[in-house]
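Atoms considered below: every heavy atom in the structure, side chains included; atoms not considered: hydrogens, waters and symmetry mates. Small disclaimer: the values here were computed from a predicted structure and weren't measured.
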There are 2 protein chains.
Amino acid sequence: MEETLQTSSTHNLSPHSVLIAHCPSRQVLDLIADKWTALIFALLERQPTRFNELQRAIEGISHKMLTQTLRNLEQRGIVERKITPTIPPAVEYSLSSLGASLIPLMAALRQWAEEHMEEVELARQAYEEK
Amino acid sequence: MEETLQTSSTHNLSPHSVLIAHCPSRQVLDLIADKWTALIFALLERQPTRFNELQRAIEGISHKMLTQTLRNLEQRGIVERKITPTIPPAVEYSLSSLGASLIPLMAALRQWAEEHMEEVELARQAYEEK
DNA sequence: CAGTATCCTACTGGATACTG
DNA sequence: CAGTATCCAGTAGGATACTG
């Protein structure tokens with residue numbers, strides 16, 4: 001379902017509003033082009049996942065950063081949080097439909113990184129020898 | 001001393017996975033899922049661009065961060081730097097073929113951000129009223 | 001114009017402790 | 001288990017000045 005969005009009439013020659021510092025799209029970009037977002041997606045795109053399971057799966061993320069990133073994503077309607085009031089409580093994070101529309105993109109980011117890591121590493125080494 | 005982990009093989013994830021902290025792909029992901037990379041691509045995907053033109057076009061980026069990000073991308077073989085030794089010197093940045101393979105991905109990131117900024121903004125406001 | 005270096009502040013983000 | 005709050009150390013990153 002695409003938005004019948006009246007395209008930004010503000011800049012004819014500059015359709016990249018994301019280049020404008022104060023444009024809301026810049027904040028959205030900062031959210032999705034984030035250090036941890038693509039990794040969280042790697043888990044959530046498969047199935048709803050609990051907090052501690054996320055932290056265990058994503059090596060190197062701290063409790064604080066996971067909380068913070070999840071909260072940001074939830075706040076922006078990309079991630080949903082469901083509490084089951086058992087004791088102790090079980091909280092599951094999942095992707096909203098908005099979030100689901102990002103799955104291919106986030107997967108492509110991870111995939112590119114994994115597929116080109118050798119190439120990039122070789123370039124880095126070659127650069128050093130200059 | 002550190003984990004010689006076999007443990008995470010419980011997931012059916014690739015051993016060379018961005019989920020592994022020390023995996024080179026993680027660094028690659030950090031490079032491309034970066035605050036400024038997608039914006040630099042917005043310019044370079046069109047044509048080779050000079051340093052100052054980049055800084056003028058990308059609102060909010062500082063001299064230092066632009067230098068740093070360009071150097072990182074160059075170092076990893078994604079961006080190329082061509083010096084024309086005129087006076088004053090003219091330096092043009094462009095995408096390598098490796099970098100060019102990222103164009104669709106970076107464009108998709110920007111596009112998603114721009115297309116969903118209202119939706120995200122509405123979610124953010126709705127969240128606050130709770 | 002392009003790049004490097006320095007200084008210095010502000011914030012990121014980790015470790016820890018505590019609540020429900 | 002999930003979440004919040006606090007402290008604080010390290011560093012990201014802006015402003016500035018200087019070279020070629």
Side-chain angles (χ1 to χ4, degrees), chain A residues 21-22 26-27 29-40 43-44 47-76 79-95 127-128 130, chain B residues 1-3 19 21-22 26-27 29-40 43-44 47-76 79-95 127-128 130:
Chain A
H22 62 265
R26 177 71 76 86
Q27 271 88 64
L29 183 63
D30 286 344
L31 183 71
I32 64 180
D34 174 82
K35 184 173 174 61
W36 300 113
T37 300
L39 300 179
I40 290 174
L43 278 290
L44 296 194
Q47 62 205 287
T49 313
R50 299 177 62 171
F51 185 91
N52 281 344
E53 198 183 337
L54 283 169
Q55 192 177 10
R56 256 178 277 120
I58 304 173
E59 248 187 56
I61 195 169
S62 68
H63 189 157
K64 183 178 177 179
M65 284 314 295
L66 182 54
T67 303
Q68 201 170 103
T69 309
L70 284 173
R71 213 56 74 238
N72 280 335
L73 291 170
E74 184 196 357
Q75 204 170 138
R76 265 98 190 208
V79 156
E80 281 166 1
R81 180 166 166 271
K82 194 175 75 182
I83 312 173
T84 306
T86 52
I87 294 178
V91 179
E92 276 195 341
Y93 292 92
S94 59
L95 295 176
Y127 187 93
E128 276 187 355
K130 290 196 302 189
Chain B
M1 332 299 197
E2 282 311 311
E3 56 233 314
L19 290 176
H22 61 264
R26 178 72 77 87
Q27 271 88 64
L29 184 63
D30 287 345
L31 183 70
I32 64 179
D34 173 83
K35 187 174 172 59
W36 300 113
T37 299
L39 299 178
I40 290 174
L43 277 291
L44 297 194
Q47 61 204 291
T49 313
R50 299 178 62 172
F51 185 91
N52 282 343
E53 197 182 338
L54 282 169
Q55 192 176 10
R56 254 177 278 120
I58 304 173
E59 248 186 57
I61 195 170
S62 69
H63 189 157
K64 184 179 177 178
M65 285 314 296
L66 181 54
T67 302
Q68 203 170 104
T69 308
L70 284 173
R71 213 56 75 235
N72 279 334
L73 292 171
E74 185 196 356
Q75 206 169 138
R76 266 100 188 205
V79 155
E80 281 166 1
R81 180 167 166 271
K82 193 175 77 181
I83 313 173
T84 306
T86 52
I87 295 179
V91 178
E92 275 196 341
Y93 292 91
S94 58
L95 295 176
Y127 186 94
E128 275 188 357
K130 290 197 301 189

Grab the N/O contacts between the protein and nucleotides 14-16 of chain D below 3.5 Å, and write none if there aren't any.
unit_1	atom_1	unit_2	atom_2	d
D:dG14	OP2	B:Ser62	OG	2.2
D:dG14	O6	B:Lys64	NZ	2.8

Among residues at least two apart in sequence or on other chains, which ones pass side-chain contact (heavy atoms from CB on, under 4.5 Å) with [X]?
X	value
A:Ala33	A:Leu29
B:Gln27	none
B:Pro48	B:Glu92, B:Ser94

Can you tell me how far [atom2] of [N] sits from [atom1] of [X], to the nearest Å?
X	N	atom1	atom2	answer
B:Arg71	C:dA2	CZ	P	12 Å
B:Gln68	C:dG3	CD	P	14 Å
B:Leu54	C:dG3	CG	P	10 Å
A:Gln55	D:dC1	CD	P	11 Å
A:Asn52	D:dG3	CG	P	9 Å
B:Glu53	C:dA2	CD	P	9 Å
B:Lys35	C:dC11	NZ	P	13 Å
B:Leu70	C:dG3	CG	P	8 Å

Inset, instruction - Establish, with yes or no, whether the OP1 or OP2 oxygen of C:dC1 is under 4.0 angstrom from a side-chain nitrogen or oxygen of B:Arg50. - result: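 For C:dC1, OP1/OP2 do not have a side-chain N/O of B:Arg50 under 4.0 Å.
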Legend entry - Short side-chain N/O contact from A:Tyr93 to OP1 or OP2 of D:dC1, under 4.0 Å: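 No.
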Legend entry - Sole residue of A:Ile61, A:Leu39, A:Leu44 in side-chain contact (heavy atoms from CB on, under 4.5 Å) with A:Leu54: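 Exactly one pass, corresponding to A:Leu44.
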Identify the two heavy atoms, one from [X] and one from [Y], that lie closest to each other, and give their separation to 0.1 Å.
X	Y	answer
A:Leu66	A:Phe51	CD2-O, 3.7 Å
B:Glu80	B:Leu95	OE1-O, 4.4 Å
A:Ala90	A:Thr86	N-OG1, 3.6 Å
A:Glu59	A:Trp36	O-CZ3, 4.3 Å

Inset, instruction - Return the nearest nucleotide to the side chain of A:Pro89; candidates are D:dC1, D:dG3, C:dT4. - result: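 Nearest listed nucleotide: D:dC1.
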Inset, instruction - Using atom types as modelled and distance alone, determine if a side-chain donor or acceptor of A:Thr49 lies under 3.5 Å from a backbone N or O of A:Gln47. - result: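 Yes: the side chain of A:Thr49 pairs with the backbone of A:Gln47.
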Legend entry - Ion pair B:Arg71/B:Glu74, N-O distance below 4.0 Å: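 Yes, B:Arg71 and B:Glu74 are salt-bridged.
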Inset, instruction - Kindly state which residues belonging to residues 81-88 of chain B come within less than 4.0 angstrom of DNA chain C, counting heavy atoms of the residue only, listed by number. - result: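 Residues of residues 81-88 of chain B that come under 4.0 Å of DNA chain C are, in numerical order, B:Arg81, B:Pro88.
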Legend entry - Non-hydrogen side-chain atoms of B:Leu31 and B:Arg76 separated by less than 4.5 Å: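 Yes, side chains in contact.
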Inset, instruction - Write out the stems for DNA chain C, ordered by first number and formatted as range with range, counting runs of at least 3 consecutive Watson-Crick or G-U wobble pairs under 3.5 Å. - result: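 For DNA chain C the paired stretches long enough to count as stems (3 pairs minimum) are C:1-20 with D:1-20.
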